[in-house]
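In what follows, every chain begins at residue 1, and chains take the letters A, B, ... in the order their sequences are listed. Fair warning: this is a prediction, and the values are worked out from it, not measured in the lab. Note that these values count all heavy atoms, side chains included, but never hydrogens, waters or copies made by symmetry.
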Number of protein chains: 2
Amino acid sequence: MARSYRDITDAELAVMQVLWERGESSIRQICHVLYPGGGPSQYATVQKLLERLEAKDFVYRDRTQQVHLFRPALGREELIGRRLRSLAEQLCGGSLTPLLTHLVKTKALTPQERAELRALIEQSENTPRRRGSKG
Amino acid sequence: MARSYRDITDAELAVMQVLWERGESSIRQICHVLYPGGGPSQYATVQKLLERLEAKDFVYRDRTQQVHLFRPALGREELIGRRLRSLAEQLCGGSLTPLLTHLVKTKALTPQERAELRALIEQSENTPRRRGSKG
DNA sequence: GACAAGTAAGACAAATTGTCTTAGGGTGGT
DNA sequence: ACCACCCTAAGACAATTTGTCTTACTTGTC
């Protein structure tokens with residue numbers, strides 16, 4: 001089993017972005033977005049990227065039709081979470097708290113954002129902590 | 001001018017962690033931490049990593065003494081900020097807000113953390129928004 | 001049965017990354 | 001003076017990654 005833990009690369013991410021926007025798509029359709037007016041070379045590039053994404057379990061491939069269809073196996077939010085966790089792993093001893101703190105301290109908040117944040121914190125108050133989730 | 005924008009790699013990060021903990025250090029001192037009982041090869045590795053870190057402006061090198069001394073040119077917090085921004089750039093159209101939201105929504109907060117967060121939000125209320133900082 | 005479009009497989013160079021070797025310089029002890 | 005030692009400087013090296021492209025084969029359609 002290939003190491004599925006490897007991250008999404010830049011070119012692969014571009015493909016994912018198209019899938020997130022368009023939903024299930026064929027290679028051809030993705031090509032039209034990424035390389036408008038592109039030829040067979042660009043088509044093959046996208047094909048290869050999707051092959052790698054599938055190997056890493058980041059997209060599902062529907063082979064039932066003649067023309068294969070691809071759809072994301074993880075959403076943008078999940079990827080964000082994954083990257084945040086990886087960042088925390090490397091720089092914060094695995095804890096997400098320093099990231100949260102950093103953002104609140106650093107980022108200039110609009111009054112609206114402040115209100116939304118407060119609301120979210122309220123909300124999380126009612127949500128019981130999930131077992132095993134660590135700080 | 002070498003592209004100084006390139007990020008810190010894993011091995012380089014290990015060196016940075018030592019510098020953040022110990023402060024200004026010589027190659028030898030870093031070696032003792034990273035490769036206890038290591039030989040000349042390991043020494044050379046650390047040497048090369050520091051050379052690359054210097055080229056990328058992530059450490060300062062004090063050449064006034066016989067034995068050069070190195071100290072971090074950016075702190076852990078700064079690196080965190082840099083990576084968060086890069087993440088936002090790639091996945092959130094440059095805005096840090098989705099990261100903040102994601103963390104608050106996802107992460108299970110202890111009552112204490114909730115309190116601290118609220119305090120930080122309060123605090124940021126008094127701090128005027130910095131010019132040019134974007135959402 | 002030939003063509004168009006698709007899939008499958010892999011070649012390829014460039015860049016990155018971690019590691020190691022070698023050469024040379026200055027210092028101190030004897 | 002000489003030697004041993006520790007340091008810096010420079011670069012060799014293989015493994016891996018990454019984006020791109022070529023080629024060969026398959027299949028449905030007119």
Side-chain angles (χ1 to χ4, degrees), chain A residues 1-19 24-71 83 86 90, chain B residues 1-19 24-71 83 86 90:
Chain A
M1 181 161 296
R3 39 198 165 179
S4 161
Y5 59 82
R6 186 153 238 77
D7 199 49
I8 294 177
T9 70
D10 287 350
E12 285 164 1
L13 183 59
V15 172
M16 291 300 290
Q17 309 262 23
V18 176
L19 289 179
E24 197 165 60
S25 311
S26 68
I27 298 177
R28 181 67 57 190
Q29 292 170 318
I30 297 170
C31 279
H32 284 152
V33 177
L34 293 182
Y35 305 96
S41 306
Q42 284 71 43
Y43 185 96
T45 296
V46 172
Q47 185 184 16
K48 175 62 73 183
L49 293 173
L50 282 164
E51 179 191 319
R52 288 176 183 165
L53 281 169
E54 187 195 14
K56 290 189 278 192
D57 291 327
F58 288 131
V59 302
Y60 296 124
R61 185 198 293 244
D62 177 359
R63 300 173 192 265
T64 58
Q65 303 301 323
Q66 170 65 3
V67 178
H68 296 187
L69 293 180
F70 299 84
R71 69 192 163 85
R83 298 229 167 150
S86 149
Q90 280 191 110
Chain B
M1 181 166 297
R3 38 196 167 185
S4 162
Y5 59 82
R6 186 153 238 76
D7 200 48
I8 293 176
T9 70
D10 288 349
E12 286 165 2
L13 183 59
V15 172
M16 290 300 289
Q17 310 262 23
V18 176
L19 289 179
E24 197 165 59
S25 309
S26 68
I27 298 176
R28 181 67 57 188
Q29 292 170 318
I30 296 171
C31 280
H32 284 154
V33 178
L34 292 182
Y35 305 96
S41 306
Q42 284 70 42
Y43 185 95
T45 296
V46 173
Q47 186 184 16
K48 176 61 73 182
L49 292 173
L50 281 164
E51 179 190 320
R52 289 175 183 166
L53 281 169
E54 189 196 11
K56 290 189 278 193
D57 291 327
F58 290 130
V59 303
Y60 296 123
R61 185 199 292 243
D62 176 359
R63 301 173 191 264
T64 59
Q65 304 299 321
Q66 171 68 2
V67 178
H68 295 184
L69 294 179
F70 299 83
R71 68 191 163 86
R83 297 226 167 153
S86 149
Q90 278 192 108

Visitor: Of the nucleotides C:dG6, C:dA9, D:dA9, which has the atom closest to the A:V67 side chain?
Guide: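 Selected nucleotide: C:dG6.
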Visitor: From B:E12 CD over to B:F58 CZ, what is the distance, rounded to the nearest 0.5 angstrom?
Guide: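 Atom-to-atom, B:E12:CD and B:F58:CZ are 8.0 Å apart.
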Visitor: Specify the residue among A:L49 and B:I27 whose closest nucleotide of DNA chain D lies further upstream toward the 5′ end.
Guide: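 The 5'-side residue here is B:I27.
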Visitor: D:dT18 P sits how many Å from B:R6 CZ, rounded?
Guide: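 B:R6 atom CZ is separated from D:dT18 atom P by 12 Å.
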Visitor: Can you check the A:D62 CG to C:dT7 P distance for me, whole Å?
Guide: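 Value for this atom pair: 11 Å.
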Visitor: Not counting sequence neighbours, list each pair that qualifies as a salt bridge (Lys or Arg N to Asp or Glu O under 4.0 Å) and has a residue in residues 30-47 of chain B.
Guide: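 Found none.
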Visitor: Whole angstroms only, please: what is the CD-P distance between B:E51 and C:dT21?
Guide: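 Computing the B:E51:CD to C:dT21:P distance gives 17 Å.
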Visitor: Report the residues that fulfil side chain to side chain contact (heavy atoms under 4.5 Å, CB included) with B:R83, sequence neighbours left out, ordered by chain and then residue number.
Guide: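 A:L87, A:Q90, A:L91, B:D7, B:I8, B:L79.
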Visitor: Once rounded to the nearest 0.5 Å, what's the spacing between atom OG1 of B:T9 and atom CZ of B:R52?
Guide: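 Here the rounded value is 7.5 Å.
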Visitor: Just how far, in rounded Å, is C1' of C:dG6 from CD of A:Q29?
Guide: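 So the two atoms are 14 Å apart, to the nearest Å.
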Visitor: Strictly below 4.0 Å: does A:Y43 bring a side-chain N or O up to OP1 or OP2 of C:dA5?
Guide: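 It does not, given that no N or O in the side chain of A:Y43 lies less than 4.0 Å from OP1 or OP2 of C:dA5.
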Visitor: In whole angstroms, how far is the C1' atom of C:dA9 from the CD atom of A:E54?
Guide: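 Those two atoms, CD and C1', are 14 Å apart.
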Visitor: Need one value for B:R52: base, sugar-phosphate or nothing, where a base atom within 4.0 Å counts as base even if backbone is also close, heavy atoms only.
Guide: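 B:R52: base contact, heavy atoms under 4.0 Å.
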Visitor: How many whole angstroms separate atom CG of B:D7 from atom P of D:dT18?
Guide: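 Distance, rounded to whole Å: 14 Å.
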Visitor: Ignoring backbone atoms, test whether B:R28 places a side-chain nitrogen or oxygen under 4.0 Å from the OP1 or OP2 oxygen of D:dC6.
Guide: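 The answer is no; no side-chain N or O of B:R28 sits under 4.0 Å from OP1 or OP2.
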Visitor: Taking only residues two or more places apart in sequence, or in another chain, which ones meet A:Q47 in a side chain to side chain donor-acceptor pair (under 3.5 Å)?
Guide: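 Testing A:Q47 for side chain to side chain donor-acceptor pair (under 3.5 Å), a comparison that skips the adjacent residues, returns none.
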Visitor: Is the phosphate of D:dC7, meaning OP1 or OP2, less than 4.0 Å from a side-chain N or O of B:S26?
Guide: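 For D:dC7, neither OP1 nor OP2 has a side-chain N or O of B:S26 closer than 4.0 Å.
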Visitor: I want to check one thing: is the phosphate of C:dT7, taken as OP1 and OP2, less than 4.0 Å away from some side-chain N or O of A:R61?
Guide: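 No, no such contact exists.
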Visitor: Return the value, rounded to whole Å, for the distance between atom CD of B:Q65 and atom C1' of D:dT8.
Guide: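 About 15 Å, once rounded to whole Å.
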Visitor: Please table the atom pairs, donor to acceptor, closer than 3.5 Å between any side-chain atom in residues 28-38 of chain B and protein atoms at least two apart or in another chain.
Guide:
residue : atom : partner : partner atom : Å
B:Q29   : OE1  : B:S26   : N            : 2.8
B:Q29   : OE1  : B:S26   : OG           : 3.4

Visitor: Write down the distance between CG (B:L50) and P (D:dA10), rounded to a whole number of angstrom.
Guide: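 Distance, rounded to whole Å: 15 Å.
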Visitor: Report, one pair per line, the protein and nucleotides 21-26 of chain D atoms (nitrogen or oxygen only) whose separation is under 3.5 Å.
Guide:
residue : atom : partner : partner atom : Å
D:dC21  : OP2  : A:Q42   : NE2          : 3.2
D:dT22  : OP2  : A:S41   : OG           : 3.0

Visitor: Listed by chain and number, what are the salt bridge (Lys or Arg N to Asp or Glu O under 4.0 Å) partners of A:E54, not counting sequence neighbours?
Guide: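 Only A:R61, A:R63 meet the salt bridge (Lys or Arg N to Asp or Glu O under 4.0 Å) criterion with A:E54.
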Visitor: Taking only the side-chain nitrogens and oxygens of B:T9, find out if one of them lies under 4.0 Å from OP1 or OP2 of C:dG18.
Guide: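 Indeed, a polar side-chain atom of B:T9 lies that close.
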